[in-house]
K.L.:
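Have a look at the structure that comes next, please.
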Protein chains: 2
Amino acid sequence: MAAEPPRARARRRDPEAARTIRDVAARAGVSTATVSRVVNGNYPVAAGTRTAVERAMRELGYVANAHARALAGSTTRVVGIVVSEIVDPFFAYIARGVQSEALSSGRLCLVCSTQGGDSAELRFVDLLLEQRADAVILVGGAVEDQEYFATIGQRAEQLAKSGSSLVLCGRPGLKAGVPAYAVDYDNAGGAAAITDHLLSAGHTRILYLGGPTTLSTTTARVRGFRQAYAARRLEHDPALVRTGAFGRQWGHDQTLRALDDGLDFTAVFAANDIVAAGVYAALRERGLSIPGDISVVGYDDVPVAVELQPALTTVRVPLEELGRAAVRAGIAGQQPSADPFAHQQQATTLGTVVVVRDSVAPPRAR
Amino acid sequence: MAAEPPRARARRRDPEAARTIRDVAARAGVSTATVSRVVNGNYPVAAGTRTAVERAMRELGYVANAHARALAGSTTRVVGIVVSEIVDPFFAYIARGVQSEALSSGRLCLVCSTQGGDSAELRFVDLLLEQRADAVILVGGAVEDQEYFATIGQRAEQLAKSGSSLVLCGRPGLKAGVPAYAVDYDNAGGAAAITDHLLSAGHTRILYLGGPTTLSTTTARVRGFRQAYAARRLEHDPALVRTGAFGRQWGHDQTLRALDDGLDFTAVFAANDIVAAGVYAALRERGLSIPGDISVVGYDDVPVAVELQPALTTVRVPLEELGRAAVRAGIAGQQPSADPFAHQQQATTLGTVVVVRDSVAPPRAR
DNA sequence: TTGAAAGCGCTAACAG
DNA sequence: CTGTTAGCGCTTTCAA
């Protein structure tokens, strides 16, 4: 076969393939630059030309290629969020806030769920790094491990280099100087407040139940729990803190065990509402009434709190707002107007509030 | 200033910017083609060369640019899923299945939540089209509207053209010839089965409650509900079907209204478990016991079903498996080995099972 | 086994 | 207001 000019390969494009900006330009009789201008609407184009281009796009069923755009321009219009479990309402609500705020800034949301896989988080961050996401949001308590912090810090640097930013949501920030934002809520404060609620009702032997022992969320909540005792100059029995995991099953089993161990307590502070659901189930099995025999409180205020009978007194966390704030923080760095020196670590902390329902009563006299 | 050669602009790259394949090639003293080969590991490269390249990558902190890759190659390694509400466990579980199956095929998952916005779905499909997602999965009941079907069908064609595919998950398929896959579960069958469960217990006046009237899911479930009556040659009172919306509040309000209207029923079939939660709340307010006074069943078997007291008898839908199946169907078309004629509409239907718990008892004699 | 070079589709100077 | 053109970073022939 005769040698064809090199361009021949390109010319022989699959006629079925998606239309490109060049096809539109040809059909409308203008240049690709003009098509780009009408698509982006960020530059003056004569009305007639615009109409012609728009018609050509419609007739051809033209759809811009986001990758070409990301490559040529600079922003990807995508934010990434990494959670540990998308079906957990705690994360689902945050994800909802992220997705809606992303959408209102014209971005799509890449959601990654690690399903508890420890190292999966880092893998996802790398994947998101490849995607050049405008912002990468890491949600939920982190393992408090220095080495891990260092690795994440290093990723933050890389992210910053490629023009995007890392946002830590619902977990403590990194050390100063690392280009990461932190958007958190007052974990310890909420725990202290609800503990105080229990203390006010007369409980002093409160069992704190749940949360992976090494998780930052757990340590913060336990800290708040202790602070509430300290604030009233009350002693707290260390045997009454049992951490280990989240989850309904875990809450159920540990409650039974605490009862079997003959632990003396009149109330339980479940690490979150899901654990509280397990506590309810266990107490019910043992014929103990809530709050008659034992008072129970939770944390997060996810929907199950109102399905439980009696309705659960818990700490409301502004989950959606947390997600929104994370996106705002993450894309703020993208704004051309942003002060370059502002790209230091910044932190936002949202407040929490105790929602009083029906699961707390004064301890039974004995 | 003296005129610089045109390339100057490009040469003056921000030295802080992310490293490219060219940087790695330079550092390793090889060509970019070689780097590409070691990155993709799909072509023989001398061991020594490979090592040198790998070291250069490590030293430079090189991270491939997914957009450049998508542009040059063809597959994007991203699947998109659009749901109506990410915090709804029904969708969250499907999303979990999608995300985990996507991950195991090395893909990331773009999750879009329309938050009930009617036309948002189409907008998201277009966005996903721009992303050239390997597969676009539309989840949940669709409005049964011919025009809408036509529009979606048209998008399916476009998707097919750009090498990706549309998967309808938990909703009926499009008409034959349209390049879309359908992965659904047996909506009518599940409804019929649980209705029969109620009928067996002796109920004949069952109130069907919930679901947007025009939603395919609703029509399918109501159809199954009626079929169960028909199968036993029983009459069914049309006044006992009240559709309109999903949601706890709606279930609550409508139950109250049905009671106030003096409707005669001994059991309620809630369109889903969330609606059932509302029914429980309303019945409790009126001092009616479940299942003593009224039996209740739900649909979906999401976690709240076991928190309700008494635990809810419901229909288990293989949500996660649905999501996984959708991804498999969607990326199957991508396989080079795929028979091009196989790209016809295909459908998969998963089964459902009735989960018997404590919310059904024979109707009270009267 | 490796390199050179031509694009993938789009944006953004720059020059009319 | 519009066209030209040089890339963005990568993959993939084609040649060596």
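Chain letters run A, B, ... following the sequence lines, proteins first, then strands; residues in each count from 1.
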K.L.:
Could you give the CZ-to-P distance, from B/Arg77 to D/dT11, as a whole number of Å?
P.N.:
12 Å
K.L.:
Would you say that A/His67 contacts B/Gln131 through its side chain, given a criterion of any heavy-atom pair below 4.5 Å between the two side chains?
P.N.:
yes
K.L.:
Which pairs pass salt bridge (charged side-chain N to carboxylate O under 4.0 Å, His left out) with one or both residues in residues 27-38 of chain B, sequence neighbours excluded?
P.N.:
B/Arg27-B/Glu59
K.L.:
At 4.0 Å (heavy atoms only), tell me whether B/Val30 reaches a base, stays on the sugar-phosphate, or touches nothing.
P.N.:
sugar-phosphate
K.L.:
With heavy atoms under 4.0 Å as the rule, sort B/Ala64 into base, sugar-phosphate or nothing.
P.N.:
sugar-phosphate
K.L.:
For B/His67 and D/dG9, what is the distance between atoms NE2 and P respectively, to the nearest whole Å?
P.N.:
12 Å
K.L.:
Without decimals, in angstroms, what is the distance between B/Asn65 CG and C/dC8 P?
P.N.:
18 Å
K.L.:
Ignoring backbone atoms, establish whether A/Thr49 has a side-chain N or O less than 4.0 Å from OP1 or OP2 of D/dT2.
P.N.:
yes
K.L.:
With heavy atoms under 4.0 Å as the rule, sort A/Ala46 into base, sugar-phosphate or nothing.
P.N.:
sugar-phosphate
K.L.:
What is the distance from CZ of A/Arg132 to P of D/dC10, rounded to the nearest Å?
P.N.:
7 Å
K.L.:
Any side-chain N or O of B/Ser31 below 4.0 angstrom from OP1/OP2 of C/dG3?
P.N.:
yes
K.L.:
Quickly work out the A/Asp23 CG to C/dC8 P distance and round it to whole Å.
P.N.:
11 Å
K.L.:
Within the pair A/Arg19 and C/dG9, is there a side-chain N or O less than 4.0 Å away from OP1 or OP2?
P.N.:
no
K.L.:
Take atom CD1 of B/Ile21 and atom C1' of D/dT12, then tell me their distance rounded to the nearest Å.
P.N.:
12 Å
K.L.:
Check whether any side-chain nitrogen or oxygen of A/Arg69 sits under 4.0 Å from OP1 or OP2 of D/dC8, and answer yes or no.
P.N.:
no
K.L.:
Would you kindly compare B/Ala33 and B/Ala68 by the position of their nearest DNA chain C nucleotide and give the one closer to the 5′ end?
P.N.:
B/Ala33
K.L.:
Under a 3.5 Å cutoff, is there a donor and acceptor pairing between the side chains of A/Arg132 and A/Ser164?
P.N.:
no
K.L.:
B/Phe91 versus B/Val139: any side-chain heavy-atom pair under 4.5 Å?
P.N.:
yes
K.L.:
Separation of A/Leu71 atom CG from C/dA12 atom P, in whole Å?
P.N.:
12 Å
K.L.:
Output every pair passing salt bridge (charged side-chain N to carboxylate O under 4.0 Å, His left out) with a member in residues 65-78 of chain B, not counting sequence neighbours, ordered by first then second residue.
P.N.:
none
K.L.:
Identify, residue by residue, the members of residues 36-45 of chain A with a heavy atom below 4.0 Å from DNA chain D, and return them in order of residue number, or none.
P.N.:
A/Arg37, A/Tyr43, A/Pro44, A/Val45
K.L.:
Donor-acceptor pair, A/Gln99 side chain versus B/Ser113 backbone, under 3.5 Å?
P.N.:
yes
K.L.:
Side-chain donor-acceptor pair under 3.5 Å between A/Arg107 and A/Ser105, yes or no?
P.N.:
yes
K.L.:
May I have the distance from A/Arg22 (atom CZ) to C/dC10 (atom C1'), rounded to whole angstrom?
P.N.:
9 Å
K.L.:
Starting at the 5' end of DNA chain C, which residue's closest nucleotide do you reach first, B/Ala47 or B/Ala72?
P.N.:
B/Ala47
